[in-house]
Structures are given as structure tokens and as C-alpha cells.
Amino acid sequence: MYNLQDISVIIPTYNRVKDLNVTLNSIKPFLSQIKEILIIDQSSDNKTKELIRVLKNKKLKYFYSNISSLTRARNFGVSKVSKGSKIICFFDDDVTLGKNYFYNILKVLNKNKSPTNKLSQ
């Protein structure tokens, strides 16, 4: 069975610190339970880095990339995910999650979990 601790979140961002803050606030109720949130910052300023510093949460992990590419940011994030993560969620920096978002994902994955079940099928 999957649980919240199995989830890592990757959020690429580029000069949208206000939107990112809204996104992080929508994830806040889950922050103590999920494994981690990786912020892949490609911004031209330090505002995102400062936001993560001010939020002071060990589960928020900040990484800077000087290459502006959503695909590269996501791949870079995957390379930085902690061992033991079984589920990786990719979010844009301007989403607001519903209060049951992660629970609904877990419900579907746990219902359909089997050794031969592949999500890509």
C-alpha cells in the first residue's frame, strides 16, 4: 500500500515567486506527511531562493538551474529525489491543490496496485 510518505513533489519555477507561494500554501496541509518538495528554480533573481529560506522547512529542497527548460528542470528534479520515493508528482508553479488531492491519488494507485499493473499501459 502506498502512503503519503511515498510521495515526492517536483515544482519547476521561473520568476513566479508569488504563484509558487500560493502553490506551496495549498500543499502545506500535506507537508508534514509527504516525503519532500523539490523546487527547481530557473529564475533570473533570488526571490524564489529567499522564499524557500524564509519558509524554513526541511522538506522543502531548493535547487537552482541556470538552464530555462521545463523538461530539463523536471529531469533534474527526478535526479534529486530522495531514496524511497515511490510516487513523483510534477506540479507547475501556479496550481492550487484541492484538500483531497493526494488522498485521491493514493486511493487510485492503491486500488489498482498489482505486480503486473503498469500505469503506462
With sequence neighbours left out, what residues match [X] under side chain to side chain donor-acceptor pair (under 3.5 Å)?
X     : result
Asp94 : Arg16
Glu50 : Arg53
Tyr64 : none
Thr71 : none

Got a second to check how far [X]'s [atom1] is from [Y]'s [atom2], nearest 0.5 Å?
X      : Y      : atom1 : atom2 : answer
Lys99  : Phe30  : NZ    : CZ    : 10.0 Å
Asn3   : Asp6   : CG    : CG    : 4.5 Å
Tyr2   : Leu106 : OH    : CG    : 10.0 Å
Asn104 : Leu109 : CG    : CG    : 11.0 Å
Lys49  : Leu51  : NZ    : CG    : 13.0 Å

Heavy atoms, side chains only, cut-off 4.5 Å: are [X] and [Y] in contact?
X     : Y      : result
Ile37 : Ile39  : yes
Ile7  : Lys35  : no
Leu4  : Tyr103 : yes
Asp19 : Thr13  : no
Pro12 : Arg74  : yes

Please check if any side-chain donor atom of Ser8 sits under 3.5 Å from a side-chain acceptor atom of Ser85, or the reverse.
yes
Test of understanding: with side chain to side chain contact (heavy atoms under 4.5 Å, CB included), list the residues that count as partners of [X], not counting sequence neighbours.
X     : result
Asp45 : Asn15, Ser43, Lys47
Lys59 : Gln5, Leu31, Asn57
Phe91 : Val9, Ile11, Ile27, Cys89, Val95, Leu97, Tyr101, Phe102
Asn46 : none

Decide side-chain contact (heavy atoms from CB on, under 4.5 Å) for Ile52 and Leu24; before the verdict, give the C-alpha distance in whole Å, the side-chain angles of both, and the deciding distance to 0.1 Å.
CA-CA 10 Å; Ile52 302 307; Leu24 292 174; 3.9 Å; yes
Report the residues that fulfil salt bridge (Lys or Arg N to Asp or Glu O under 4.0 Å) with Lys61, sequence neighbours left out, ordered by chain and then residue number.
Glu36
Which salt bridge (Lys or Arg N to Asp or Glu O under 4.0 Å) pairs, counting each pair once, include a residue from residues 62-72, with sequence neighbours left out?
none
Asp93 versus Tyr14, closest heavy-atom pair with distance:
OD2-N, 3.6 Å
I need the minimum non-hydrogen distance between Ser68 and Gln42, along with the two atoms involved.
CA-OE1, 3.1 Å
With clusters built from Ile, Leu, Val, Met, Phe, Trp and Tyr whose side-chain heavy atoms come within less than 4.5 Å, directly or transitively, what are the remaining members of the cluster of Ile67, listed by chain and number?
none
Taking transitive links into account, so neighbours of neighbours count too, which hydrophobic residues share a cluster with Leu38 at under 4.5 Å side-chain distance?
Ile10, Ile40, Phe63, Phe76, Val78, Val81, Ile88, Phe90
With a 3.5 Å distance limit and no angle check, can you tell me whether Thr96 reaches the backbone of Ser26 through a side-chain donor-acceptor pair?
no
Same apolar cluster (I L V M F W Y, side chains within < 4.5 Å links), Leu60/Val17
yes
